[in-house]
Amino acid sequence: MEKRGDVLKYDEETLKKIQFLNEYGVIESRIRILRDRLENRKSCLYSIGAVKLDGMPKGGKTFTIADKVVEAVTVEDETAEKIKKLQAKQAKILERINTIEDLTYISVLELYYVEGLYWKEVADMLGVSERTVYAIHALALEKFTICS
């Protein structure tokens, strides 16, 4: 890692580590989006106003309440499976972070990448300066490995 002006320039291996760690937050966003979509979809599917009770076409399609319930359960099951896979990826990231022996390194990585805190917030939580957090982060990345 070399410093160029105010920008840190990381080597390729360090960039891969950062991308791997950043994936935690991306996954968290994906899970939130999936849950929101599921809730919106369920509210539409469970809406009695969208179904004629006699099973006759409403808007050109024939379906019953049972059809809508089956569709809602299917959507819910598929979404739950997607979320489960995403959470497994998050667990892998946490597992990799926790292989580091230094608790301060773990704290910085978890607060920044997992909790999504800003550098200043991480510094405040640890009772150190931002500059110290940057140094700890650099050392933590040196110790961090993607593969076991």
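For this chain, numbers begin at 1 and follow the sequence in order. Being a predicted model, the structure only gives us computed values, none of them experimental.
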query: What distance do E110 atom CD and L103 atom CG have between them, rounded to the nearest 0.5 Å?
result: 9.5 Å
- request: Report whether I146 and L109 are members of the same hydrophobic cluster (ILVMFWY, side-chain heavy atoms less than 4.5 Å apart, transitive linking).
  value: yes
- prompt: Given the rule that I, L, V, M, F, W and Y join up when any side-chain heavy atoms are under 4.5 Å apart, are V26 and Y118 in one cluster?
  reply: no
message: Assess whether a salt bridge exists between E78 and K82, defined as any Lys/Arg side-chain N lying under 4.0 Å from an Asp/Glu carboxylate O.
response: no
- prompt: Are Y24 and L94 side-chain neighbours, meaning at least one heavy-atom pair lies under 4.5 Å?
  reply: yes
field: Distance-only donor-acceptor check, side chains S129 and T132, under 3.5 Å
entry: yes
field: Check against ring-ring contact (aromatic ring centres under 6.0 Å, His included), H137 and F144
entry: CA-CA 10 Å; H137 178 254; F144 183 77; 10.0 Å; no
task: Keeping the roles fixed (side chain from K143, backbone from I100), state whether a donor-acceptor pair exists under 3.5 Å.
output: no
message: How long is the straight-line distance from OG1 of T145 back to CD of E13, given to the nearest 0.5 Å?
response: 9.5 Å
query: Hey, does the side chain of T79 reach the backbone of V75 with a donor-acceptor pair shorter than 3.5 angstrom?
result: yes
Set of residues satisfying ring pair (Phe, Tyr, Trp, His ring centres under 6.0 Å) with respect to Y112, sequence neighbours excluded: W119
- prompt: Minimum heavy-atom separation for K17 to E142, with atom names?
  reply: NZ-O, 3.7 Å
query: How long is the span from the CD atom in Q19 to the CG atom in L21, to the nearest 0.5 Å?
result: 10.5 Å
- prompt: How many angstroms lie between CD in E81 and CG in L86, if you round to the nearest 0.5 Å?
  reply: 10.5 Å
query: Looking at CD1 of I106 and CD1 of I136, how far apart are the two atoms once the value is rounded to the nearest 0.5 Å?
result: 12.5 Å
task: Compare all side-chain heavy atoms of L38 with those of L34 and state whether any distance is below 4.5 angstrom.
output: no
- prompt: Counting heavy atoms not belonging to Q87, are there more than 12 under 6.0 Å from its CD?
  reply: yes
message: Do T74 and D77 pair up side chain to side chain, a donor and an acceptor below 3.5 Å, judged on atom types alone?
response: no
query: Side chains of L126 and L111: does their closest heavy-atom pair fall under 4.5 Å?
result: yes
- prompt: Looking at CG of D124 and CG of L117, how far apart are the two atoms once the value is rounded to the nearest 0.5 Å?
  reply: 10.0 Å
message: Please check: side-chain N/O of R96 versus main-chain N/O of C147, any donor-acceptor pairing under 3.5 Å?
response: yes
- prompt: salt bridge (charged side-chain N to carboxylate O under 4.0 Å, His left out): which pairs involve residues 20-30, sequence neighbours left out?
  reply: E23-R30
field: Set of ring pair (Phe, Tyr, Trp, His ring centres under 6.0 Å) partners for Y105, sequence neighbours left out
entry: none
- prompt: Can D36 and R32 be counted as an ion pair, charged N to O under 4.0 angstrom?
  reply: no
